[in-house]
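Below is one structure, written out as structure tokens, with a few remarks after it.
Because only heavy atoms are used, hydrogens play no part in the values below, and waters and symmetry mates are left out as well, while side chains stay in. Chain naming here is simple, since letters A, B, ... match the order of the sequence lines and numbering starts at 1 in each.
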Protein chains: 2
Amino acid sequence: MERTKKITIQDVAKYANVSVGTIDRVIHNRGKVSPEKKQKVEDAIKKLNFNPNLLARTLALGNQFLICTLSPLAPSPKHYWSMPKKGIDQAAAMYKDFGIVVESYFYNLFDESSFVEQTNKILELNPNGVILAPLFLQESTLFVDKLEKQNIPYVLIDADIPDHESLAYIGPDVKRSAYIAGKLLNSVIKENSDILILNMVKGFENASALNRIEKGFREYFTENRLKNKIRIHTLTINSTDKETVFRELTKFYIKNPLIKGVFVTNSKAYLISDFHLLHELDIRVVGYDLVEENIEHLNKGGIDYIISQSPLQQGVRAVQMLFELFIYKNEPKKVQHIPLDIIIRENVDFYIQFH
Amino acid sequence: MERTKKITIQDVAKYANVSVGTIDRVIHNRGKVSPEKKQKVEDAIKKLNFNPNLLARTLALGNQFLICTLSPLAPSPKHYWSMPKKGIDQAAAMYKDFGIVVESYFYNLFDESSFVEQTNKILELNPNGVILAPLFLQESTLFVDKLEKQNIPYVLIDADIPDHESLAYIGPDVKRSAYIAGKLLNSVIKENSDILILNMVKGFENASALNRIEKGFREYFTENRLKNKIRIHTLTINSTDKETVFRELTKFYIKNPLIKGVFVTNSKAYLISDFHLLHELDIRVVGYDLVEENIEHLNKGGIDYIISQSPLQQGVRAVQMLFELFIYKNEPKKVQHIPLDIIIRENVDFYIQFH
DNA sequence: ATTAATTATGTGTGCGGGCACACTTTTTTT
DNA sequence: AAAAAAAGTGTGCCCGCACACATAATTAAT
């Protein structure tokens with residue numbers, strides 16, 4: 001049963017009294033067509049509301065698009081960095097028949113040289129597009145410089161590189177996320193408490209992001225005139241190793257017994273929750289990212305809020321951006337801040353399902 | 001430059017030493033293939049990891065799928081019900097070249113007969129699939145009974161119809177959403193306050209949903225032993241008209257001056273916020289849905305939390321479900337609860353952009 | 001004016017698969 | 001054992017579009 005006849009190039013040709021070849025020339029601006037016919041064709045296209053069939057076009061063109069992705073290697077499927085990868089794979093499967101081929105490369109989070117190594121592999125391949133999680137700012141800058149020189153469009157996820165010509169940045173508004181963390185943490189502690197901004201860094205250079213986080217977090221308290229009621233401490237531990245963290249925390253908590261809330265600036269809030277549970281401390285925790293351990297501690301009550309930056313969505317969208325560029329020639333918006341989902345025990349299930 | 005050669009039916013044919021016709025018969029289980037050759041073909045398919053090209057298949061089949069949608073008419077683009085529509089249109093555009101055609105029908109939110117009228121139109125068209133927002137429970141039940149009789153798959157959005165064979169329900173977990181509302185409202189009021197569950201209903205029958213909402217909301221307070229600290233009132237106003245609502249609210253607040261928080265069970269929290277601002281009342285508000293007026297009042301501070309059930313996403317996903325059914329023959333999960341996004345002033349911008 | 005060089009236009013093939021049909025081989029029927 | 005039916009296999013055309021190539025109509029060059 002035919003319901004809506006689709007308009008094809010043939011229909012337009014018949015209507016305009018020319019051959020399909022001419023239609024083709026007009027559509028693709030190949031020239032070699034007389035002004036009168038060109039006009040006629042354009043009219044016909046408008047009149048019939050013709051839109052080229054994307055499937056047929058893709059099939060006929062038969063070209064392939066190679067997308068290389070470069071992100072940290074996830075030590076386990078539960079790890080944060082397995083999530084963008086999952087999103088990327090999902091989107092890749094969706095678009096594979098459009099000729100989109102995705103090849104994933106990974107670097108060691110604690111080894112800049114592995115990053116450089118992978119970038120060289122990618123540059124050699126001369127892909128049509130790149131998706132990059134630029135955790136090593138300096139090395140990443142060098143990499144994207146080269147990409148720009150080779151005219152390879154790239155999409156940044158998770159973190160941005162300022163002043164560069166990326167196709168798009170898809171990730172959180174870092175400062176805002178910390179501001180929200182401030183609001184959330186404040187909502188679960190009593191007045192006149194001390195709170196702690198807890199950084200755990202191991203190796204790589206993300207000082208600028210940490211700065212923006214701290215700034216955003218403190219901003220909430222200054223803007224809402226809570227500065228004299230709430231005292232904010234900062235503790236930076238140069239490790240994510242459980243033992244070291246526990247040791248440093250013990251030291252700190254003994255010196256600062258009034259701490260009633262902690263804002264953990266990476267995805268390892270569960271470590272701190274663990275510490276609190278172990279030592280029966282009633283301290284509220286706000287952290288980032290829905291990794292499995294955080295979900296556990298959210299359910300146990302050791303973590304109060306998790307701010308999620310939908311890493312899976314970031315992966316999906318990054319691929320979509322390049323797909324649209326290749327297939328539709330659409331240039332996306334440069335900066336696309338991902339929603340900062342506020343996760344509590346009561347809605348965590350929904351996010352597990354979808355993100 | 002060929003990077004990864006795609007495996008076609010021809011490749012498989014060559015590898016298995018048969019013609020493409022035979023491959024085709026094996027793939028589609030059309031029979032008329034000798035067991036030996038069938039085996040050979042299956043081996044070849046596995047060995048070469050052959051996946052039929054979806055674009056070519058769709059093009060060759062050339063069939064059309066009509067999806068009819070039936071949802072309340074949105075009086076303005078700002079209205080809640082324009083958002084699922086937007087999502088549906090977005091997805092429809094994406095899949096149009098796959099032969100997916102979407103026709104939208106609307107009914108008057110306050111007129112059951114308009115609903116029935118539209119259902120009849122749809123039934124006559126005998127579409128391949130239906131997307132339904134079943135706000136009139138009784139009439140909707142009759143409608144889906146007929147759909148089931150005509151073997152037309154349907155997806156429900158926004159509200160579910162129990163005990164029916166829908167392809168899927170895509171919408172919120174209503175009870176849970178109210179539980180969350182309880183938690184959120186509780187987090188912004190002082191101890192020993194009175195709070196109000198405010199229903200505004202005009203005409204149609206959604207009593208069951210309202211019951212579940214009230215139950216979920218109260219559950220939070222009982223489960224967390226807040227019953228003696230917080231007194232929960234319920235007020236149901238049979239109108240959404242500003243004047244009436246204001247009048248009823250005035251009456252109620254005069255009688256119950258201790259109210260410090262309101263949970264508005266529909267998308268019109270902005271009305272109540274308006275009332276509070278006008279009368280300089282310091283009463284916290286939690287409500288549903290990111291309609292434009294709510295966003296305004298979120299920013300003004302008159303609304304503290306909005307729980308959003310991503311209506312645009314609901315529309316998108318509903319179309320996707322049918323697309324997958326038609327094109328991939330995938331049956332989706334029956335119940336798909338949409339994430340209940342928690343919106344505050346600080347993250348509202350992100351949701352406006354994406355949802 | 002005649003040929004060469006352009007420019008304008010039409011035709012045909014292939015992308016990867018689906019399906020109708022033709023043809024061959026085997027099995028069943030009488 | 002011959003005819004009819006069924007099973008097994010291959011070929012060709014079509015889906016809608018892009019692009020190479022062939023052909024026709026102009027224009028420029030000699």
TODO: Whole angstrom is fine here: how far is it from CG in B:N63 over to P in D:dC14?
DONE: 19 Å

Open item on the list: Tell me whether the side-chain N/O atoms of B:K37 come closer than 4.0 Å to OP1 or OP2 in D:dT9.
Closed with: yes

TODO: Among the candidates C:dA8, D:dG16, C:dG18, find the nucleotide nearest to the side-chain atoms of B:H28.
DONE: C:dG18

- [ ] List the steps, then state whether side chain to side chain contact (heavy atoms under 4.5 Å, CB included) holds for B:V101 with B:I67.
- [x] CA-CA 6 Å; B:V101 180; B:I67 298 176; over 6 Å; no

Open item on the list: Which residue in the set A:V12, A:T8, A:D11 passes side-chain contact (heavy atoms from CB on, under 4.5 Å) when paired with A:I23?
Closed with: A:V12

TODO: Anything under 30° is parallel, anything over 60° is perpendicular, the rest tilted; go ahead and classify B:F98 against B:F323.
DONE: perpendicular

Open item on the list: Applying a 4.0 Å non-hydrogen cut-off, can you work out what B:D97 is touching in the nucleic acid: base, sugar-phosphate, or nothing?
Closed with: nothing

Task: B:K6, NZ atom: more than 12 neighbouring heavy atoms under 6.0 Å - done: yes

Task: Between P of C:dC15 and CG of B:L54, the distance in whole Å - done: 19 Å

Task: Distance test, side-chain N/O of A:T22 to OP1/OP2 of C:dA8, below 4.0 Å - done: no

- [ ] Answer yes or no: does atom NZ of B:K47 have more than 12 heavy-atom neighbours from other residues, nucleotides or ligands under 6.0 Å?
- [x] no

TODO: Verify the contact: side-chain N or O of A:T8 to OP1 or OP2 of D:dG16, cut-off strictly under 4.0 Å; return yes or no.
DONE: no

- [ ] Could you tell me the separation between the NZ atom of B:K14 and the C1' atom of C:dG16, rounded to a whole number of Å?
- [x] 13 Å

- [ ] Report the relative orientation of the aromatic rings in A:Y169 and A:H337; use parallel for angles under 30°, tilted for 30 to 60°, perpendicular for over 60°.
- [x] perpendicular

Open item on the list: If you go through the side-chain atoms of B:R25, does one of them form a donor-acceptor pair with the base of C:dG18 closer than 3.5 Å?
Closed with: no

Open item on the list: Whole angstroms only, please: what is the CG-C1' distance between B:N29 and C:dG18?
Closed with: 15 Å

Open item on the list: Which label fits B:F326 and B:F65: parallel for a plane angle under 30°, tilted from 30 to 60°, or perpendicular past 60°?
Closed with: parallel

Open item on the list: Under 4.0 Å, heavy atoms only, any strand: does A:G21 hit a base, just the sugar-phosphate, or nothing?
Closed with: base

Open item on the list: Side chain of A:D24 only, heavy atoms from C-beta on: which candidate in C:dT9, D:dC19, C:dG14 is closest?
Closed with: D:dC19

- [ ] Compare side-chain N and O positions of B:T58 against OP1 and OP2 of D:dC15 and report whether any pair is under 4.0 Å apart.
- [x] no

Task: Nearest-nucleotide pick for B:K32, side chain only, options being D:dA18, C:dG10, D:dG8 - done: D:dG8

Open item on the list: Rounding to 10°, can you tell me the angle the first-five-pair axis of the helix from C:dA1-D:dT30 to C:dT30-D:dA1 makes with its last-five-pair axis?
Closed with: 50°

Task: Among C:dG14, C:dT9, C:dG17, the nucleotide that comes nearest once only the side chain of A:V33 is considered - done: C:dT9

TODO: Taking only the side-chain heavy atoms of A:S19 (C-beta and beyond), determine which of D:dG10, C:dC19, C:dT11 contains the nearest atom.
DONE: C:dT11

